[in-house]
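Sequential numbering from 1 along the given sequence is applied to the chain's residues. What you see is a predicted model; the values in this text were computed from it and never measured.
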Amino acid sequence: MKFELYFPVKKPDLIYNQRFGENANNFYATLGMKGHNGIDFYALNGFPIYAAHDGVVTFCGEDGSAGLGVVVRTNEQYEYLNGQAYYKSIYSHIKTGSFKVKAGDQVTAGDILAQADNTGMSTGAHLHFGIKPV
């Protein structure tokens, strides 16, 4: 089975501020990381953030240095290494009071999850997006 992802921000707003693994000025080393653990998409304060895949919302709330965030886990398992795993998508730096979903909600790719902002340790409004196996 193929795992398809959709962009969490709409074109033509699809601009990357920072790519996976980048480590400008060794900033991420101060957080105990080798590099940036996601992709930062250009998203002004209030830009809608969309689900990148179908799944269940497993988290909505405060997530330390990431500020406010949403996590969506796939409903099905997909190939991972020598087996199968669920995947989760992570959406960080969400605007306070803008959540359109809550933990336990089922979402479809393209559903609006929340709005972008500058919460947590970010230096400007954007969407931090990541994918990880569970």
Side-chain angles (χ1 to χ4, degrees):
M1 182 181 312
K2 213 159 108 174
F3 182 44
E4 293 186 15
L5 288 176
Y6 298 86
F7 287 106
V9 293
K10 294 289 185 199
K11 296 175 184 178
D13 308 316
L14 190 59
I15 300 170
Y16 303 98
N17 293 343
Q18 186 174 35
R19 290 176 171 79
F20 181 81
E22 290 182 356
N23 196 0
N25 301 321
N26 225 17
F27 170 76
Y28 293 98
T30 65
L31 302 173
M33 299 162 48
K34 290 183 179 182
H36 191 236
N37 65 350
I39 298 172
D40 286 349
F41 287 101
Y42 171 81
L44 294 175
N45 184 3
F47 269 36
I49 304 303
Y50 301 92
H53 58 84
D54 299 347
V56 62
V57 176
T58 61
F59 176 81
C60 255
E62 179 74 33
D63 191 17
S65 63
L68 296 176
V70 176
V71 176
V72 177
R73 193 207 69 203
T74 58
N75 290 322
E76 301 175 30
Q77 294 185 2
Y78 296 89
E79 289 182 29
Y80 178 69
L81 298 176
N82 295 325
Q84 299 266 311
Y86 292 99
Y87 283 82
K88 64 181 177 179
S89 54
I90 301 153
Y91 310 80
S92 299
H93 308 306
I94 301 298
K95 182 175 187 164
T96 302
S98 75
F99 291 114
K100 305 296 184 205
V101 294
K102 63 185 179 315
D105 286 353
Q106 285 287 327
V107 296
T108 301
D111 286 352
I112 295 177
L113 302 175
Q115 295 174 340
D117 198 4
N118 182 29
T119 59
M121 292 181 64
S122 66
T123 57
H126 69 282
L127 170 66
H128 174 87
F129 177 75
I131 294 282
K132 296 180 181 179
V134 177

Q: CD1/I90 to NE2/H128 distance, rounded to the nearest 0.5 angstrom?
A: 6.5 Å
Q: Ignoring hydrogens, what is the shortest heavy-atom contact between A125 and N118? Give both atom names and the distance.
A: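 Heavy atoms of A125 and N118 come nearest at N-CB, 3.7 Å.
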Q: Using side-chain heavy atoms (C-beta onward) and a distance below 4.5 Å, is V57 in contact with K102?
A: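 No - every pair of side-chain heavy atoms lies 4.5 Å or more apart.
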Q: Could you tell me whether the side chain of T74 and the main chain of Y87 form a donor-acceptor pair under 3.5 Å?
A: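 Answer holds: yes.
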Q: Enter the distance from L113:CG to C60:SG here, rounded to the nearest 0.5 Å.
A: 7.5 Å
Q: Provide the closest heavy-atom pair for E4 versus H53 in the form atom of the first, atom of the second, distance.
A: O-CB, 4.0 Å
Q: Linking I/L/V/M/F/W/Y whenever any side-chain heavy atoms sit under 4.5 Å apart, do Y50 and V56 land together?
A: no
Q: Within the structure provided, determine whether V70 and F99 are in side-chain contact (heavy-atom separation under 4.5 Å).
A: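 Yes, their side chains come closer than 4.5 Å.
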Q: Which heavy-atom pair separates A109 from D54 by the least distance, and what is that distance?
A: N-OD1, 2.8 Å
Q: Just so I know, are the side chains of Q106 and N75 near enough to count as touching, which here means a heavy-atom distance under 4.5 Å?
A: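 Yes - at least one pair of side-chain heavy atoms lies under 4.5 Å apart.
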Q: Hydrophobic clustering (ILVMFWY, side-chain heavy atoms < 4.5 Å, transitive) - are Y6 and L127 grouped together?
A: no
Q: For T96 and T119, work out which heavy atoms get closest and say how close.
A: OG1-CG2, 4.3 Å
Q: Could you walk me through whether V9 and I49 satisfy the side-chain contact (heavy atoms from CB on, under 4.5 Å) test, starting with their C-alpha distance in whole Å, then the side-chain angles of each, then the deciding distance to 0.1 Å, before giving a yes or no?
A: CA-CA 6 Å; V9 293; I49 304 303; 4.0 Å; yes
Q: Whether the D117 and H93 side chains hold a donor-acceptor pair (N or O, under 3.5 Å, no angle test) is what I'd like checked.
A: no
Q: So, taking the atom named NZ in K10 and the one named CZ in F41, what distance separates them when rounded to the nearest 0.5 Å?
A: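 Atom-to-atom, K10:NZ and F41:CZ are 12.0 Å apart.
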Q: Just verifying a value: how many Å separate D63 CG and L68 CG, rounded to the nearest 0.5 Å?
A: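 Reported to 0.5 Å precision, the distance equals 9.5 Å.
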Q: Of all the heavy-atom pairs spanning H126 and A116, show the shortest one and how long it is.
A: O-CB, 4.1 Å
Q: Which atom names give the shortest non-hydrogen contact between Q115 and S98, and what distance separates them?
A: N-OG, 3.0 Å
Q: Does S92 reach the main-chain N or O of G69 with its side chain, forming a donor-acceptor pair under 3.5 Å?
A: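 Not at all, since once roles are kept as given, no pair shorter than 3.5 Å links the two residues.
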Q: Are L5 and Y86 in one and the same hydrophobic cluster, where Ile, Leu, Val, Met, Phe, Trp and Tyr link if side-chain heavy atoms are under 4.5 Å apart?
A: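 Different hydrophobic clusters.
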Q: Does the pair V101 and D111 meet the rule for a side-chain contact (heavy atoms from CB on, under 4.5 Å), with working shown?
A: CA-CA 9 Å; V101 294; D111 286 352; over 6 Å; no
Q: Show the numbers, then the answer: is there a side-chain contact (heavy atoms from CB on, under 4.5 Å) between R73 and V134?
A: CA-CA 8 Å; R73 193 207 69 203; V134 177; 4.1 Å; yes
Q: Should Y42 and F47 be marked as a side-chain contact (heavy atoms from CB on, under 4.5 Å) after you check the CA-CA gap, both sets of side-chain angles, and the distance that decides it?
A: CA-CA 9 Å; Y42 171 81; F47 269 36; 4.3 Å; yes
Q: Test of understanding: clusters of I, L, V, M, F, W, Y form through side-chain heavy atoms closer than 4.5 Å, transitively. Do V71 and I112 belong to the same one?
A: no
Q: So, do V72 and Y91 sit near enough that their side-chain heavy atoms are less than 4.5 Å apart?
A: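 The answer is yes, as the side chains (C-beta and beyond) meet within the 4.5 Å cut-off.
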